[in-house]
Structures are given as structure tokens and as C-alpha cells.
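Proteins get letters first, then strands, A, B, ... in listed order; numbering begins at 1 in each.
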Number of protein chains: 2
Amino acid sequence: MKKYLNILKKCPLFEQIEEENLLGILGCLNAKVESFDKKYTILAEGSPAKYIGIVLSGSAQIIQIDYNGNRSILSNITPPQVFAEAFACAETPSLPVSVIADEPCEIMLIDCRRVLYTCGNNCFFHQQLIFNLMKDIATKTILFHQKIEITSKRSTREKLMTYLSLYAKEANAPSFDIPFDRQELADYLEVDRSGLSAEISKLKREGLIKCQKNHFELL
Amino acid sequence: MKKYLNILKKCPLFEQIEEENLLGILGCLNAKVESFDKKYTILAEGSPAKYIGIVLSGSAQIIQIDYNGNRSILSNITPPQVFAEAFACAETPSLPVSVIADEPCEIMLIDCRRVLYTCGNNCFFHQQLIFNLMKDIATKTILFHQKIEITSKRSTREKLMTYLSLYAKEANAPSFDIPFDRQELADYLEVDRSGLSAEISKLKREGLIKCQKNHFELL
DNA sequence: CTCCTTTTGTTGAAAATTCAACGGATTATT
DNA sequence: AATAATCCGTTGAATTTTCAACAAAAGGAG
């Protein structure tokens, strides 16, 4: 566990918690670490929503696949972000999404009941964890609002430009790398891939953006 | 305040709080009640995100209007639901949405700092409120997932059927009233109103649904 | 370095959505 | 009860998106 401390102390779940207490807390929470290769399923849709996940290395995606096989990407998560926490905390019986390794990654899994309910020991830290979870879930809600703002646009062009503008604002720079390849970006924006490629080319020709692979620049 | 107790004791924010303590807590939170006529703005986009709202009577809508004037409806809220709590708890500087009265309504507004931070008095209840907020925001996140699941479908028909199916599941009945008129439903599904009307007619002709105004039945 | 796989851009045709406009129906107002 | 305002379904044209197929480019494996 020790080698993960540098990541974990930056994790929103452990905000305001002293580093020297962290190892003890992890023990009390019965935290486990697992490794996953690229494309492997970390948490499967339909399985019990009892775990709070933390990305320690690599990256993962939250996805949903409908009965037609269409993939929808809800978000991309990187260290030291938390995932699946809302489902666990809302005590949803089963997960409505899958979490997939986007590259080889190490994931910490914590049974949410260990976080939400006290265990009888000296659990001074529970209140802080619950407060942190509340903040974290609230922040995620904001991100979902952004995704809805993006996908509520009616055209591929507007969806893309809204996404890029928000990303630039977040990155605080007009030039940045996005965490998606073309198909993934299409699945995030909820549009057709070939149409998206065509629209990117058009925006380039019009001199509104520059783009090479997943590097974009707003002009 | 007394006349609102019956609603407030059912409010997710006050879960597990004894009714006899509620009035005192409301005082400590400095809760205010305001009335709004239909179509009036309860909280405006861009204003500081400091209030947690509770619908005491009537109903309200969370909406977003883009630079083209297109309205997007994020959700419809009825008593005793809470709103704007995620923005307040995430300490977002300003609201990215507006809250509008959908019919005449009474709204309780609470400054979120009174909830999140202790005031020096006998604030035994803060921990419970924070726990309740966490649960409530987590539940809202699930609802956003549902909205994304609906709007990620590529056709008006699929969006509508997904919406109706989820609504029927929620209502636990094949027949139900939705809280939207046609234009509002279109703005929730993120589609064109006239196209939506046409699609509803088509589904009726095909015998897949029955519908009169805002009453729907899945066949 | 070569072969194989995956990703990406392009194209054209089919299908769907949007848009504007209109009339009928319903609801609210005076 | 009459009038005004709003809501709703329909239509056809214009625009967009989707879909399928293909070839070029990039990346990975041996």
C-alpha cells in the first residue's frame, strides 16, 4: 500500500486526512488493489454497486452499452480520481454502467459500507470521508451537467465546439490533448464517427481549429 | 414555518431527523420561504450558487438556455424535493442553470454554508444533514445518468420510448401522467417539437402506445 | 523491415431531424 | 359567452446525420 500514498493523498476522497493516518484508514476500510490490462472490465454493468473505486495508475472509462450495441462513453477517469461512488452511496442495487480499463491500470476498491457506516473501532475519520464523498459527488454532478450541455446541442459541429471550448477552459489553454481517439470522441459526443471526422476536417479547412490526432488547438 | 412541517419531514434533506427538532434546526439554518408565480425565476443562471432549495408546493424546472435561445430542460422537481444542492455543495462560483416556477410555488431556501459548516451552537444535526446531502446528491447523479441514457439514443422514437419505459418502471405502472407538455418534453428529450408530435402519432397508429395530452400508456 | 491490425478520412446514398408555417383544438381571460 | 392566447398535430422542403464501404495512414508484432 505504501507505494500508493503519493497518489492517494491527492485523492478527493482523502482530502484533509493526514498522510500518517492514511495507511491505518486503508486497513480499516479493507481497501484492495487490483491490476487490469487494457480493455478489461473493472466493474461490470449489472453487478452489485458496492464498491467505490480509485484510479491509482493508467486510466479508465465509464461506459454504457445499449441493446443495439451502441456504446456511450460517460466519462474518462485518471489518477487520483474516484469512480462508481454515486452508485455505491445511493445504494443502487446494481450498476447501470460498466467501468473499463482504457490502458493498463491499478485500481483501489473499497466497500462503501466501510466508508458510510462506522465499524466500532476508533473511527474518527468517517465524518471526514462522508464530507469528502459529498463534495466529490457534487463535483461529478457538475461534470454531468457539462456533458448534458454538450450533447444537448443539435449538430455535430456544435457538440464538438462546445466540448472543445469547455476543455480549453478547463485546461486554461487554447491547445490541449483530449483523452479520446476518434471513435471514443464520437461515443462521448453521441454522434457518428465518420460524420465527426468530416466535421473536424471542415473546421480545419475553415481555419477554426487545428488538430493532429488527439491534439487540438482553438484558433 | 409550522405549516410546512408535513412536507419537510418527508424531505430527503431531513431524513432521520426527529420532527420535534425540525423547527429549531430550520431556525439555526436561517431557512427562508418565498413564493413564486408561474414562469418566475427562482434562481437565475449566473447568480451565486449558495442556496439549497426545497420545493414546498407547486413545481419547478431546472433549465439551461444556450446562446441560440434553445431551452434544455434538465429536470422537473416537485415537493418535497431538493434542488441546486450539487452546485452549492461543490462550491461552484455561479449557477450554470436556472430554476423556474412551472406553476405557482413555495420554495424554501437555505444558505449552504449553514448546513456544511458548524455554527458554534449545539449543532448535533450537521453530520446527519451532510450524510443526507450526500445520499441526495448521489441519487440525483443516478437521475442524470438516466437522462443521458435517454438523450444518447440517436432517434426521436428511441429517445421517447426510452423515456416512457423508464417512467413506467419508476411509476411501476404501464399508464401514467408525465410532468411535461409537448414543448417541454421535446426540450427534455433534446429534439424538435413538431418531429416529436409526428413520432407520437406514428407510435399511436402502430399501436405501441396510447396517449392523450400528457397521459401515456405503454401497450 | 515487413506484415497485419487498427485507426482515420472520404464519399455517396438513404434516412431522419429540423425548420417554418398553418389551422384546429384547448384553455384562459374579460 | 366571446375573444385572445397557447398548445398541438400536420405538412413539405431544406439540412444533417447516419450508414456502409473503402483506401490511406499509423501503430504494433514478429
How many whole angstroms separate atom CG of B:Leu189 from atom P of C:dA16? 18 Å

Under a 3.5 Å distance rule, please check whether A:Arg182 uses its side chain to pair with a backbone N or O of A:Leu196 as donor and acceptor. no

Is the backbone of B:Ile137 close enough, under 3.5 Å, to the side chain of B:Thr141 for a donor and an acceptor to pair up by distance? yes

Do the rings of B:Tyr163 and B:Phe180 sit parallel, tilted or perpendicular, given the 30° and 60° boundaries? tilted

Looking at A:Glu103 and A:Lys38, is there a salt bridge between them, counting it only when a charged N and a carboxylate O are closer than 4.0 Å? no

Under a 4.0 Å heavy-atom cut-off, which of residues 203-212 of chain A touch DNA chain C? none

Give the rounded distance in Å between these two atoms: CD of A:Gln183 and P of C:dT6. 14 Å

For the pair B:Glu190 and B:Lys147, find out whether any cationic side-chain nitrogen is under 4.0 Å from an anionic carboxylate oxygen. yes

Distance, rounded to the nearest Å, where A:Ile200 contributes CD1 and C:dT10 contributes P: 10 Å

Any base atoms under 4.0 Å from B:Ser201, or only sugar-phosphate, or nothing? Heavy atoms, all strands. sugar-phosphate

Rounded to whole Å, CG of A:Leu185 lies from P of C:dG9 at a distance of 11 Å

Using atom NE2 of A:His215 as one end and atom P of C:dT8 as the other, report the distance to the nearest whole Å. 16 Å

Quick check: does any side chain N or O of A:Asn132 sit under 3.5 Å from a backbone N or O of A:Leu13, one acting as donor and the other as acceptor? yes

In terms of side-chain geometry, is the basic nitrogen of A:Arg157 or A:Glu206 positioned less than 4.0 Å from the acidic oxygen of its partner? yes

How many Å lie between CG on A:Asp181 and P on C:dT5, as a whole number? 19 Å

What is the distance from CG of B:Asp187 to C1' of D:dC7, rounded to the nearest Å? 14 Å

Starting from P on D:dC7, measure out to CG on B:Leu196 and report it in whole angstrom. 15 Å

Main-chain N/O of A:Glu106 paired to A:Ser57 side chain as donor or acceptor, under 3.5 Å: yes

Flag the pair B:Glu85 and B:Lys140 as a salt bridge only when some basic side-chain nitrogen lies within less than 4.0 angstrom of an acidic carboxylate oxygen. yes

At under 4.0 Å between heavy atoms, how does the protein contact nucleotides 17-30 of chain C? Give one character per nucleotide, 5' to 3', with B, S or -. SBBBB-----S---

